[in-house]
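Working notes, beginning with the structure itself.
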Amino acid sequence: MICRRSAIVWSEVRGIRIGNEICDIMGVMNRDTFASDHERKAQRVPRFPMRAVLLPALLLAELVVIALLFQLATPIECRLTGMALACRALRGVAVSLMCLAALLGVYLWAATSARHALAGLLRAPAQGWHWQALHVLGAVLMLLPVVLIPSSGLNDAFGAVFALLILGGAMAAVGGLFWLAPPAAWWDWTRGRWPVLLMLFLGAALLPMAAAAAGPLWYWQRLTEVTFAGVAVLLWLIGEQPVGNPATQVLGTGDFIVAIADSCSGVEGFALITAFLALYAWLFRDTLRMARFWAVIWPAALLASWLLNVVRIAALVWIGAHVSPDLAVGGFHSFAGWLFFTALALGVLIVASRVRWLHREVGQTPSVPLSGDPAAALIVPFIVFMASGVVAQTFWSDPAEAYPWQVAAMFVALWWARRPLIGLICVPSVLSIGAGLLVGAVWLALAEGQGGGAPALAGAALVVWIAVRVIGTALFVPIIEEAFFRGYVLARIADDRLIWRIGGIAVSSALFALLHGRFVEAGLAGVVFCLVYLHRGRLMDAVISHAVANTVIAAAALWYGDWSLI
């Protein structure tokens with residue numbers, strides 16, 4: 001098949017035919033937000049009913065109470081439960097919900113139609129008592145372990161605790177959601193917005209994990225020293241007598257002394273707020289004056305992030321000295337940073353969206369339905385792929401056992417996106433095959449085989465797992481990863497100018513490398529796939545190159561029985 005359809009799809013994704021793209025990151029770009037004064041009046045933030053404010057506040061309060069109760073009032077230690085991954089995942093739910101609130105705030109500010117539709121949905125009368133009862137029952141179920149199980153037996157009975165928390169949390173969430181509005185109304189509101197909502201949920205789940213994984217990077221000695229001094233000054237200003245040693249970063253007041261770790265310097269907050277601002281700038285790139293935004297809003301947000309971090313640490317010390325050391329080191333220390341980040345992110349969002357000086361007026365661009373959109377086909381399967389990985393890491397003690405379920409999820413996502421993706425099919429180039437063989441050979445040559453990597457299965461179950469592993473590695477993963485990293489990320493950045501092509505290669509390859517354990521080798525492989533793609537502007541070439549490389553690696557893993565090579 002000749003690649004005439006493929007060239008059309010590729011040109012659309014690069015922006016030559018933007019009208020057929022998913023509206024600037026899956027339908028959230030609002031190009032008419034800063035149009036004429038008359039249009040602005042018509043697009044003002046809708047007025048939400050009081051219960052739409054009170055009920056989410058109630059749900060948030062319940063979440064905070066339950067999180068603090070299980071962290072402070074119970075002696076649950078994840079390492080002692082026998083379900084360490086599931087236990088840590090539960091502890092991360094509150095943080096992920098805070099991140100989700102910030103991301104949803106960005107989305108609703110960027111998407112005027114979604115914001116107005118949500119306001120209209122929430123103006124409907126309160127729903128029946130059965131949803132309220134379901135919510136209350138769910139909250140009661142989450143509290144039952146503390147009431148029924150002796151504190152000394154919570155670690156041993158964590159399987160039952162986990163089941164009650166999951167079931168109760170699901171019931172409380174569903175009841176609270178449908179207490180606000182009926183299922184049919186929510187279905188109408190989410191129709192056409194599933195891709196962006198899935199991406200927001202995925203981002204909220206991955207952001208805390210990414211911050212924790214990057215912990216060793218949060219080191220900046222000078223900033224740590226400045227933060228130490230700032231906390232000491234703030235404690236002195238509120239009437240405390242700070243004591244400590246700057247050389248060892250030990251600080252406190254009264255009988256409560258803590259060590260300010262390098263991760264408390266504020267660099268983590270700088271990275272998070274920068275990522276948040278980058279998302280905002282990307283969504284509003286058609287209206288935002290970038291030079292003003294990055295020259296004014298970014299430094300102000302960094303300063304505010306540092307100040308909030310100083311306030312957080314000073315409050316931790318004060319609470320530890322005067323209220324509860326356990327509360328300071330446990331609950332407050334675990335959630336305050338993310339809570340402050342969420343508040344700062346939403347505050348920056350409000351300020352940046354209401355300062356006209358930061359925006360320029362543009363004409364209105366008609367919206368395009370999601371169905372059949374080629375950009376959605378490039379993004380949604382990757383979201384499903386990443387979400388399946390998060391689920392596997394969370395609910396399987398050996399994530400390798402979950403790989404067949406991940407492959408099933410990938411297949412469903414690719415089947416959903418089959419029509420736009422079929423248009424990319426064409427005869428691959430010899431270059432793409434040769435590049436794939438080279439990448440596979442280099443990957444194996446630099447590998448340090450550790451052995452194993454397969455789950456503890458036997459007989460037919462192991463045969464099925466191996467077959468599914470090979471299919472997923474050699475076929476599904478190359479399509480999904482190349483569609484996103486090269487077909488979307490690279491194509492959105494690169495154009496005919498050399499500097500933008502280099503930038504696109506760098507960004508795409510760096511993101512691709514972050515997804516793999518071997519950063520250098522994966523980064524080099526990403527560069528090769530980028531060059532193959534840019535050679536003729538055909539996504540199929542990059543897919544074939546990636547598939548050939550993965551097939552070589554999977555064949556070696558099968559031959560040696562060492563699945564750690566993949």
Side-chain angles (χ1 to χ4, degrees), residues 1-22 24 372-382 385 414 417-443 473-513 515-516 521-554:
M1 179 189 295
I2 62 173
C3 292
R4 181 173 61 85
R5 292 182 64 195
S6 174
I8 294 175
V9 173
W10 182 71
S11 66
E12 290 171 351
V13 175
R14 290 189 60 195
I16 298 174
R17 295 179 59 184
I18 294 179
N20 287 334
E21 278 193 80
I22 192 168
D24 290 326
D373 194 303
L378 302 177
I379 297 172
V380 174
F382 181 75
F385 171 55
L414 289 171
R418 65 190 183 279
R419 292 182 181 177
L421 292 178
I422 286 174
L424 302 174
I425 296 176
C426 56
V427 178
S429 65
V430 176
L431 173 65
S432 65
I433 298 174
L437 292 172
L438 176 63
V439 169
V442 171
W443 183 274
T473 300
L475 181 60
F476 292 169
V477 170
I479 297 174
I480 291 173
E481 291 187 348
E482 291 309 306
F484 182 74
F485 289 112
R486 256 59 69 179
Y488 190 78
V489 175
L490 175 61
R492 289 288 294 167
I493 299 174
D495 58 21
D496 293 334
R497 292 170 291 180
L498 179 61
I499 185 64
W500 286 105
R501 289 201 170 201
I502 294 175
I505 292 173
V507 172
S508 173
S509 300
L511 293 175
F512 180 75
L515 193 64
H516 299 76
E521 294 93 326
L524 293 174
V527 171
V528 172
F529 298 148
C530 286
L531 294 176
V532 169
Y533 171 71
L534 292 173
H535 178 62
R536 292 194 296 181
R538 302 194 322 188
L539 182 60
M540 191 64 187
D541 287 341
V543 171
I544 292 299
S545 186
H546 195 157
V548 169
N550 281 15
T551 300
V552 171
I553 297 168

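When every heavy atom of C530 is checked against every heavy atom of S509, the shortest pair comes out as SG-OG, 3.7 Å. Of all non-hydrogen atoms in T473 and P478, the two that sit nearest each other are O-CD, 3.2 Å. For the residue pair E482 and A542, the shortest heavy atom distance occurs at OE1-CB, 3.4 Å. Across L424 and M540, no two heavy atoms sit closer than the pair O-CB, 3.4 Å. In terms of heavy-atom proximity, V532 sits nearest to A435 at CG2-CB, 3.7 Å. The heavy-atom pair separating L414 from P381 by the smallest distance is CD2-CB, 4.2 Å.
Looking at S508, its side chain does come within 3.5 Å of a backbone N or O of F485 through a donor-acceptor pair. A donor-acceptor contact shorter than 3.5 Å links the side chain of T551 to the backbone of A547. R538 places a side-chain N or O within 3.5 Å of a backbone atom of V427 that can act as its donor or acceptor partner. Under the 3.5 Å distance criterion, the side-chain polar atoms of D541 are left unmatched by any main-chain donor or acceptor of S432.
No side-chain heavy atom of E521 sits under 4.5 Å from any side-chain heavy atom of V442. The closest side-chain heavy-atom distance from V528 to L438 is not below 4.5 Å.
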I would like to know whether F529 and V439 meet side chain to side chain contact (heavy atoms under 4.5 Å, CB included); could you show each step before the answer? CA-CA 9 Å; F529 298 148; V439 169; 4.0 Å; yes

For I505 and L534, what are the C-alpha separation, side-chain angles and deciding distance, and is it a side chain to side chain contact (heavy atoms under 4.5 Å, CB included)? CA-CA 9 Å; I505 292 173; L534 292 173; 3.8 Å; yes

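Note: H546 and F512 meet the aromatic proximity criterion, with ring centroids under 6.0 Å apart.
Going from atom CZ of R486 over to atom OG of S545 covers 9.5 Å, rounded to the nearest 0.5 Å. Rounding to the nearest 0.5 angstrom, the gap separating the CG atom in L421 from the CG atom in L539 is 8.0 Å. Rounding to the nearest 0.5 angstrom, the gap separating the CG atom in N550 from the CZ atom in F476 is 13.5 Å. With rounding to the nearest 0.5 angstrom, the CD1 atom of I502 is 13.0 Å from the CD1 atom of I493. Separation of atoms CG (L475) and CD1 (I479) is listed at 4.5 Å; rounding is to 0.5 Å. Here the straight-line distance linking atom CG of L511 with atom CD of E481 works out to 12.0 Å at 0.5 Å rounding.
Taking the six-membered ring where the residue is Trp, F382 and F484 present parallel rings, their angle staying beneath 30° rather than reaching 60°.
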